[in-house]
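In what follows, a single structure is set out as structure tokens and then discussed.
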Amino acid sequence: MLTRRAFAIGAGAAASASLLDPGFGRGEPARAVARLPVPQLIDAASQHNAIGLRVSAGRHEFYKGKPARTYGYSGPILGPVLRFRRGDRVEMSVRNELGVATTVHWHGLLVPGDADGGPQRKIEPGATWRPTLSIDQPAATLWYHPHPHHDTGRQIYLGLAGPIIVEDGNDLGLPDHFGLDDLPLIIQDRSSTRQAGRSVTISVNLTSCMASAAIRSLSMARLHLRPAWTAL
């Protein structure tokens, strides 16, 4: 869990340099060499505090022309950014379209157990879970992910994870134009096996199936970029 107040702008700006060519920082002109994918933002207020998520299997090309089977929230892999505000009372709807049971744990969100998707809150295949999230905490960058008993690691490893942004109405002076100078950064460590033909299989071994190992292999943060950086 990373609070906005604890986020280091300098560290975020330095990390953003990885999107530039090797000449960056040596006095050479900077040149963008990769496009940073930005997930969809779902703002609870703009949705009248009602948000629906669909958990399903999909396909994603980690290697061009070689799709891999993945899991995602309302998409083939990962999930949209959910933005809440302090004082919101959000009606969530989560439909499970996987062939196995899942849950959705709001990691870092201060909500009671009956609204949180721990192992005790299974969503069976074809079922829909409708918790109400009452938001009452300081601004923070959090995340959501599955937490089913004995299957957490595998489901996270296949792509079930997404960011949560909590706003509390305090202006911290940080850039906050989502997708422009306020960027979600999701880093995952995974291995894959190239198959015959045009497919790739994400390798899920015993180590990655452990919940703690899968969570350690995923990091989420936000980059707040000053104008000097966004002008590059």
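This chain uses plain numbering: 1 for the first residue, then up along the sequence.
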Quick one: pull up [atom1] in [X] and [atom2] in [Y] and give me the separation to the nearest 0.5 Å.
{"X": "L109", "Y": "S134", "atom1": "CG", "atom2": "OG", "value": "9.5 Å"}
{"X": "I42", "Y": "I164", "atom1": "CD1", "atom2": "CD1", "value": "11.5 Å"}
{"X": "W106", "Y": "L133", "atom1": "CH2", "atom2": "CG", "value": "5.5 Å"}
{"X": "L53", "Y": "L82", "atom1": "CG", "atom2": "CG", "value": "5.5 Å"}

### Message
Can a donor-acceptor pair be found, under 3.5 Å and without considering hydrogens, that links the side chain of Q137 to the backbone of G108?
### Response
yes
### Message
Assess the residue pair I186 and L78 against the criterion (side-chain contact (heavy atoms from CB on, under 4.5 Å)); give the C-alpha distance rounded to whole Å, side-chain angles, the decisive distance to 0.1 Å, and a yes or no.
### Response
CA-CA 9 Å; I186 304 172; L78 299 175; 4.2 Å; yes
Hey, are [X] and [Y] close enough for a salt bridge, meaning a charged N less than 4.0 Å from a carboxylate O?
{"X": "D168", "Y": "R85", "answer": "no"}
{"X": "R89", "Y": "E91", "answer": "yes"}
{"X": "E97", "Y": "R54", "answer": "yes"}

### Task
Output, in order, the C-alpha distance, side-chain angles, deciding distance and verdict of side-chain contact (heavy atoms from CB on, under 4.5 Å) for I123 and T128.
CA-CA 7 Å; I123 312 172; T128 300; over 6 Å; no
### Message
Membership question, hydrophobic clusters at under 4.5 Å side-chain separation (ILVMFWY): are L185 and I165 in the same one?
### Response
yes
### Task
Assess whether salt bridge (Lys or Arg N to Asp or Glu O under 4.0 Å) is satisfied between D116 and R121, documenting all intermediate values.
CA-CA 8 Å; D116 197 13; R121 288 286 169 185; over 6 Å; no
### Query
Is the Y73-Y144 ring centre distance short of 6.0 angstrom?
yes
### Task
Start with the C-alpha gap between L183 and F178, add the side-chain angles, then the distance that decides, and say whether side-chain contact (heavy atoms from CB on, under 4.5 Å) holds.
CA-CA 6 Å; L183 302 174; F178 182 84; over 6 Å; no
### Message
Testing N49, I51, T132 one by one against M92 for a side-chain contact (heavy atoms from CB on, under 4.5 Å), which residue passes?
### Response
I51
### Task
Please test Q155 against L160 for side-chain contact (heavy atoms from CB on, under 4.5 Å), starting from the C-alpha separation and ending with a verdict.
CA-CA 6 Å; Q155 292 190 18; L160 287 184; 3.6 Å; yes
### Task
For the residue pair H147 and H105, categorise the inter-ring angle as parallel (less than 30°), tilted (30 to 60°) or perpendicular (more than 60°).
perpendicular
